Protein chains: 2
Amino acid sequence: MADKEVDFVSGFKVGEKLYRAGTDIVEEGLADHHIYTLYKGWACRYHMMEDGRRQILSVLLPGDLIGLQSAMFTEPEHSVSALTNVTLCVFERNRFFELYEKQPSLGFDVTWIAAHEEALVDDNLLTVGRRSAAERIAYLLVSLHDRLEPLGLVVDDSFDFPLTQYHISDALGLSLVHTNKTLKKLMQRQLIAISDRRVRIGDQLQLRELAKYEGNKRRPRPLI
Amino acid sequence: MADKEVDFVSGFKVGEKLYRAGTDIVEEGLADHHIYTLYKGWACRYHMMEDGRRQILSVLLPGDLIGLQSAMFTEPEHSVSALTNVTLCVFERNRFFELYEKQPSLGFDVTWIAAHEEALVDDNLLTVGRRSAAERIAYLLVSLHDRLEPLGLVVDDSFDFPLTQYHISDALGLSLVHTNKTLKKLMQRQLIAISDRRVRIGDQLQLRELAKYEGNKRRPRPLI
DNA sequence: CGACGGATTGAGGTTTATCAACGGGTGTGG
DNA sequence: CCACACCCGTTGATAAACCTCAATCCGTCG
C-alpha cells in the first residue's frame, strides 16, 4: 500500500469505538453518519421480520467493513450486532465521497470489498437454499475456519466461536431445536467439538467433504 | 448525468452481443475479459454444485450489470444464464480500471451498484432462510413486480415471466414438485395467474401481505 | 412418429419444525 | 446468603412441511 494511501486513510479515520457483546452497532432504518472497520471481535449482519423471524446475513470478522450499504443508501436495510465485545475504527461517512476523487485506487478497493461481501452472501444463500442441516453446519464452520486462518486466529484446528446455537440456527435458516440435535450428531461423529465458546474441528477432511466445501478461492485482499 | 460521463461510458462500450435463451453468458471459473450491461431480456446468476444441486442467486433484469464480480476477481464464482433471448452492451474489462481514475463519480456509482446487488441477495437469503414455500413464491413475484414496474414492463398488474417452475424452485430453495403444488394453491386462491410465460397478480394487497413484503425502499438509481 | 421440455399429480417417506419441559450457570435484588 | 429470573443448551413427543419417486399429459420440434 502506497504511503499516500496510508496517509489518506489515516486522515480519514475519526476514532475508535467500543461496543459490548449483544449490542447493535447499526440499526436498520436508522441513518448513521459513520462507516466502520471491524478492528477486533465478531459481529453479524442480520435482518429481522416483524413477526420475529430473524435471518443472519453474514458473520463479520476482523478487517471487515461495516456500514457500506448505509453509506451508499440513505438508511441501512439490515442491522449489525456485536457478537463479542468489539472495537471499531470509525470513519466519516461524508468524507467517503472524497475518497473516490482523491484516491481512485482506494475507490476501486471499496468496490472490490463490496463485490467480496456479495460473494460471501452468495455462498450463504447457496448453503441455506440447497444444503441439508448437517451440511449447513459443516459449511459454516469450515468457511469460518478458512476466514479466520489468515487472520492468525486458528490454533491447532480450533478457534473462538462466540455464536450461540440460536445464532447458528438464524444464520442457517434452521430451527433452534433441530440445530441442537444436528450439532450433537456431528459432535458424536467426532467431526467437531464445541465447548466454552470455542470450536475444534476434529476431522478437516471429512467435515469439508460433508460441507461440499468448494471454497479454495483465495482472493488477494486490498487493505483498507 | 453529465455529458462528460456519458461520453466516457460511450467510449468505453465495445459493442453489443446477443445470447439465446438458455445459453450461458458467464461460466463459473472461466475468465472473461468483458463486463456487460443487460440491455434487453432476463438472465439469472446461479451456482451449481457438483452433485447437480443448483441455487439461483438473483434474477437479472434490464439495466443490471453482469460480470462485476469477474471484473474484480480473476474468475467468476457463479455462472450467468440467459432466461430469454438477451441483448447485452459489452465493455472492456481492462479499461474498467480507467474509470476510477478518470471519472471518480462513475467509480462511486459502480460501488453503489455492487452494494445494491448485495442488498438484493440479502433479501433472497432472508426469503430462502425464513419464509415458507408460499411466502417465498409470493415474495419472488412481488419483488419482481416492483423491479419491473419502473422499467415500464408491468401492464395492468401483469408482466412477462420467463422462469420455468424449475427455475422458481432453484431460486427459492424448494423442490420442483413442491413448487408446483404451492403455485397451484396460490392460483386457486386467485392471488396470481400464470400462463403462457406471463404472470398476472390477482390481488396485490393479499400477495404482499402473504409475502411479508417490506420492500418499499425505492433507491434512486445511478445510470451506467 | 418419437423425443423432449415443461407442467401436473398421487403416494409415501424424510427432514425439519413446533411444543413443552428440564438442567445448569450466572447475575441480581431482597 | 438465598430466591428468582434469565440465558443457553438439551431432550422427547408430535406434527407439519417438504422431498423423492414414479407416472402421466400436453405441446413443440425435428
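All values derive from a computational prediction rather than experimental measurement. Convention: sequence-line order gives letters A, B, ...; per-chain numbering from 1.
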Non-hydrogen atoms of A:Leu125 and B:Ile56 that approach each other most closely:
CD2-O, 4.1 Å
State, to 0.1 Å, how close A:His178 and A:Thr182 come at their nearest heavy-atom pair, and which atoms those are.
O-OG1, 2.7 Å
Counting only non-hydrogen atoms, which of residues 125-134 of chain A are less than 4.0 Å from DNA chain C?
A:Ser132, A:Ala133
Range on DNA chain D touched by chain B - first to last nucleotide, heavy-atom distance under 4.0 Å:
D:dC18 to D:dC21
Listed by chain and number, what are the side chain to side chain donor-acceptor pair (under 3.5 Å) partners of B:Asn124, not counting sequence neighbours?
none
Salt bridge B:Asp170-A:Arg130, side-chain N to carboxylate O under 4.0 Å
yes
Sequence-aligned protein contact record of nucleotides 5-14 of chain C, with B where the base is within under 4.0 Å of a protein heavy atom and S where only the sugar-phosphate is
-SSBBBB---
Over all atoms of both residues, closest heavy-atom pair of B:Tyr46 and B:His78
O-CB, 3.4 Å
Can any side-chain N or O of A:Ser79 pair as donor or acceptor with the backbone N or O of A:Glu28 at less than 3.5 Å?
yes
Name the orientation class of the two ring planes belonging to A:His34 and A:Tyr36 (parallel below 30°, tilted from 30 to 60°, perpendicular beyond 60°).
tilted
Counterpart residues, side chain to side chain donor-acceptor pair (under 3.5 Å), relative to B:Glu117 (two or more places apart):
none
Does a side chain donor of either B:Ser58 or B:Arg45 reach within less than 3.5 Å of an acceptor in the other side chain?
yes
Which residues share a side chain to side chain donor-acceptor pair (under 3.5 Å) with B:Lys181, sequence neighbours left out
none
Separation of atom CG in A:Asp51 from atom P in C:dT18, rounded to whole Å:
11 Å
Applying a 4.0 Å non-hydrogen cut-off, can you work out what B:Gly22 is touching in the nucleic acid: base, sugar-phosphate, or nothing?
nothing
